[in-house]
Amino acid sequence: MVAGRLGFFPVVAPIGATVCYNSGQRVIAGRDRLTLTALHEDVQRKTNMDKSSSAPGAGQESVVPAAYVGPFILVTSLFALWGFANDITNPLVRAFKEIFLISNAQSSLVQWAFYGGYATMAIPAALVIRKVSYKSGIIIGLLLYAIGAALTIPASLMMEFNVFLVGFYVLTFGLAFLETTANPYILSMGPRSTATQRLNLAQAFNPIGSLTGMVVASMFILPGLEVSDFRQKEIAAHPEYATMLPSEVDGLITKSMEEFAESKPEERKAMMAHDLEVVRTPYVVIALVVLIVLVMFVVAKLPDTGHEEEQIHVVHLLGNLFTNWQYLGGVIAQTFYVGAQIMCWTFVIHYGMTLVGLSAAQAQNYNILAMGIFLGSRFICTFILKYMAPGLLLGLLAIGGGLLTAGAIFLQGMTGLYCLIGVSACMSLMFPTIYGIALNGLTPNDAKLGSAGLIFAIVGGAFMPRYQGALIDGASMVIAGQTLESVRVSFFLPLICFVVIAIFGFAVFLGSRNSSASATAAG
């Protein structure tokens with residue numbers, strides 16, 4: 001959800017109506033008009049605002065009312081929990097490649113399972129939550145989260161990559177429940193006028209979990225792997241590697257690992273057992289933390305801000321959504337955005353190791369830097385949003401992301417890596433901006449199922465890394481006389497994603513300008 005320009009909490013016109021905001025005035029263009037009920041609510045709200053404006057302390061409604069402070073803090077902790085899970089998993093794509101000696105395409109199945117769980121459970125979670133309390137939805141989510149994290153125990157003991165995938169898949173069933181529940185629950189904890197501020201405040205804790213996950217991977221998982229030690233010993237034993245391209249060195253070390261596995265299978269098995277134990281430990285810890293939080297939610301007295309009992313008319317709802325080009329475009333753009341984000345944040349480690357010669361832990365540190373840039377840029381872009389239309393800003397950010405991705409493809413060494421890190425600045429506001437644009441103008445009931453569709457769009461993070469991994473396994477290319485290693489070639493995929501996002505952003509911007517002009521002419 002985006003503050004300022006994108007507000008879909010006020011009265012909403014029926015689908016097909018064009019609603020424009022100009023200097024605080026609502027203008028309805030075309031045949032459709034506000035329903036009598038909505039008009040009554042609008043008048044009533046203005047009346048209430050007039051009354052409150054003369055009262056002491058008018059215009060100073062609490063972001064989090066005193067009665068909701070405790071529940072707000074408890075629910076906000078969930079934002080950090082799912083942030084941790086998201087960003088401790090990304091580095092495992094490279095780690096599993098070396099631990100299990102599998103291809104990049106195979107190791108990228110980590111993201112297939114992780115984000116596929118979101119896609120599978122997003123809509124079912126939304127339908128369940130309509131029928132139960134927010135508290136019940138959160139408890140279901142936490143339980144699935146803990147079960148998925150705990151599945152890393154049998155996975156590591158059995159040394160089975162596929163069992164890890166099942167664990168990640170179940171874990172994200174829980175995350176889908178938590179995200180689908182926590183966001184609207186936070187919105188409901190207080191005045192509608194401060195709902196956006198309240199959600200932004202809660203969302204500020206998500207990056208804390210993300211950074212924690214990145215730091216744990218950088219400081220405890222990647223450096224603690226014996227395959228990392230093997231890599232460093234190989235580099236020390238071959239001084240000639242210093243004169244070779246990092247991509248060549250990476251290939252030779254992988255070949256040495258394969259030869260070691262064939263010649264010394266018992267030692268290789270012991271190495272795998274050690275490394276999988278290192279991977280397992282943070283997931284066991286987070287499973288215990290999640291269970292503690294689950295118990296806190298079970299015993300806590302949380303406000304029941306309502307759930308719906310009326311029958312869901314799915315066909316009617318889907319008809320409304322599929323005839324709304326802005327919503328459909330938003331789902332498509334969100335799919336490509338999530339794909340671009342996961343690709344850039346997952347394969348930055350491959351980029352740093354293969355093209356720059358960094359260790360896995362060093363490359364992960366640049367991922368942490370990218371997250372810091374992402375956070376700083378979010379505040380800057382939120383400020384800019386006060387003065388620029390969301391669609392226009394989205395289009396410009398997508399162009400910037402595309403240019404920086406092109407830099408990562410065509411520029412050598414650290415310059416290319418810095419371009420890849422800089423992409424995070426352009427991605428910072430894309431998810432909430434697309435989310436808000438897609439739902440803007442929908443009726444509340446349509447928006448509930450529509451929001452589940454936007455969560456389902458996270459499936460882009462499952463499919464696209466798989467394709468990028470396959471490209472990394474492929475051959476290099478020669479473009480304009482320049483030989484591009486397969487890792488560079490793979491980043492054409494996020495470049496295409498940014499082109500799609502830019503088209504959507506500018507289409508929305510031009511469409512809103514035309515609607516405003518039509519509304520002004522009609523008035």
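Remember, it's a predicted structure, so these values are computed and weren't measured experimentally.
Checking each of Val75, Leu142, Leu144, Val290 against Leu178 for a side-chain contact (heavy atoms from CB on, under 4.5 Å) leaves exactly one that passes, namely Leu142.
Within a 6.0 Å radius of OH in Tyr467, no more than 12 heavy atoms belonging to other residues, nucleotides or ligands are found. The environment of CE in Met244 is crowded: more than 12 heavy-atom neighbours from other residues, nucleotides or ligands sit within 6.0 Å. Remark: Glu259 CD is packed, more than 12 non-hydrogen atoms of other residues, nucleotides or ligands lying under 6.0 Å away. In this structure, Met414 places its CE atom where more than 12 heavy-atom neighbours from other residues, nucleotides or ligands lie under 6.0 Å away.
Residues Phe379 and Phe383 place their aromatic rings such that the two centres sit no closer than 6.0 Å. For an aromatic pair to be called close, the ring centres must be under 6.0 Å apart, and Phe114 with Tyr169 fails this. Aromatic ring centres of Phe205 and Phe79: separated by at least 6.0 Å. If you look at Tyr115 and Trp112, their ring centroids are not closer than 6.0 Å. In this structure, Phe177 has its ring center no closer than 6.0 Å to that of Trp82.
Between the CD1 atom of Ile235 and the OG atom of Ser256 there is a distance of 10.5 Å, given to the nearest 0.5 Å. Rounding to the nearest 0.5 Å places OG1 of Thr254 at 8.5 Å from CG of Asn104. To the nearest 0.5 Å, atom CD1 of residue Ile349 and atom CG of residue Leu92 are 8.5 Å apart. Atom OG of residue Ser490 and atom CD1 of residue Ile472 lie 4.0 Å apart, to the nearest 0.5 angstrom. Between Ser107 atom OG and Arg94 atom CZ the span is 8.5 Å, to the nearest 0.5 Å. Atom CD of Gln412 and atom CG of Leu417 lie 12.5 Å apart (nearest 0.5 Å).
Counting only heavy atoms from C-beta outward, the side chains of Asn86 and Leu175 approach each other to under 4.5 Å. Here the side chains of Thr433 and Pro390 are in contact, with some heavy-atom distance below 4.5 Å. Counting heavy atoms from C-beta on, the side chains of Val423 and Phe498 come closer than 4.5 Å. Here the side chains of Leu484 and Phe410 are in contact, with some heavy-atom distance below 4.5 Å. Two residues are said to be in side-chain contact when any heavy atoms from C-beta on lie closer than 4.5 Å; Tyr118 and Glu179 meet this criterion.
In this structure, Gln106 contributes its side chain and Ser103 its backbone to a donor-acceptor pair below 3.5 Å. Checking side-chain atoms of Glu226 against main-chain N and O of His274 turns up no donor-acceptor pair under 3.5 Å. Listed for the Ser377 side chain is no donor-acceptor partner under 3.5 Å among the backbone atoms of Phe374.
Relative orientation of the Phe164 and Phe96 rings is tilted, given thresholds of 30° and 60° on the angle between their planes. Ring geometry, Phe230 versus Phe260: the interplanar angle falls from 30° to 60°, so the pair is classed tilted.
For Ala182 against Leu78, the heavy-atom pair with the smallest separation is CB-CD1, 4.3 Å. Closest approach of Ala149 to Ile286, counting heavy atoms only: CB-CG2, 4.1 Å. Between Gly224 and Val278 the shortest heavy-atom distance is O-CG2, 3.8 Å. Closest of all the heavy-atom pairs between Leu222 and Ala360 is CD1-O, 3.5 Å. Nearest heavy-atom pair across Ile186 and Phe72 is CD1-CD1, 3.6 Å. Here the shortest heavy-atom pairing between Met464 and Leu493 reads O-CD1, 4.0 Å.
Side-chain atoms of Tyr241 and Glu248 include no donor-acceptor pair closer than 3.5 Å. For the residue pair Gln362 and Tyr366, no side-chain donor N or O sits within less than 3.5 Å of a side-chain acceptor on the partner. Side-chain atoms of Gln468 and Ser108 include no donor-acceptor pair closer than 3.5 Å.
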Chi angles and distances behind the side chain to side chain contact (heavy atoms under 4.5 Å, CB included) call for Val93, His350: CA-CA 9 Å; Val93 174; His350 295 67; 4.0 Å; yes
Derivation of the side-chain hydrogen bond (donor to acceptor under 3.5 Å, both in side chains) call for Gln111 and Thr346: CA-CA 9 Å; Gln111 303 294 43; Thr346 296; 2.6 Å; yes
Residues Arg280, Ser156; criterion side-chain hydrogen bond (donor to acceptor under 3.5 Å, both in side chains); working and verdict: CA-CA 7 Å; Arg280 177 185 72 204; Ser156 61; 3.0 Å; yes
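Here Asp275 does not pair with Lys97 in a salt bridge; the nearest charged N to carboxylate O distance is not below 4.0 Å. Remark: Glu262 does not engage Arg268 in a salt bridge, criterion side-chain N to carboxylate O under 4.0 Å. A salt bridge between Arg231 and Glu234 is absent, with no side-chain N of the basic residue lying under 4.0 Å from a carboxylate O of the acidic one.
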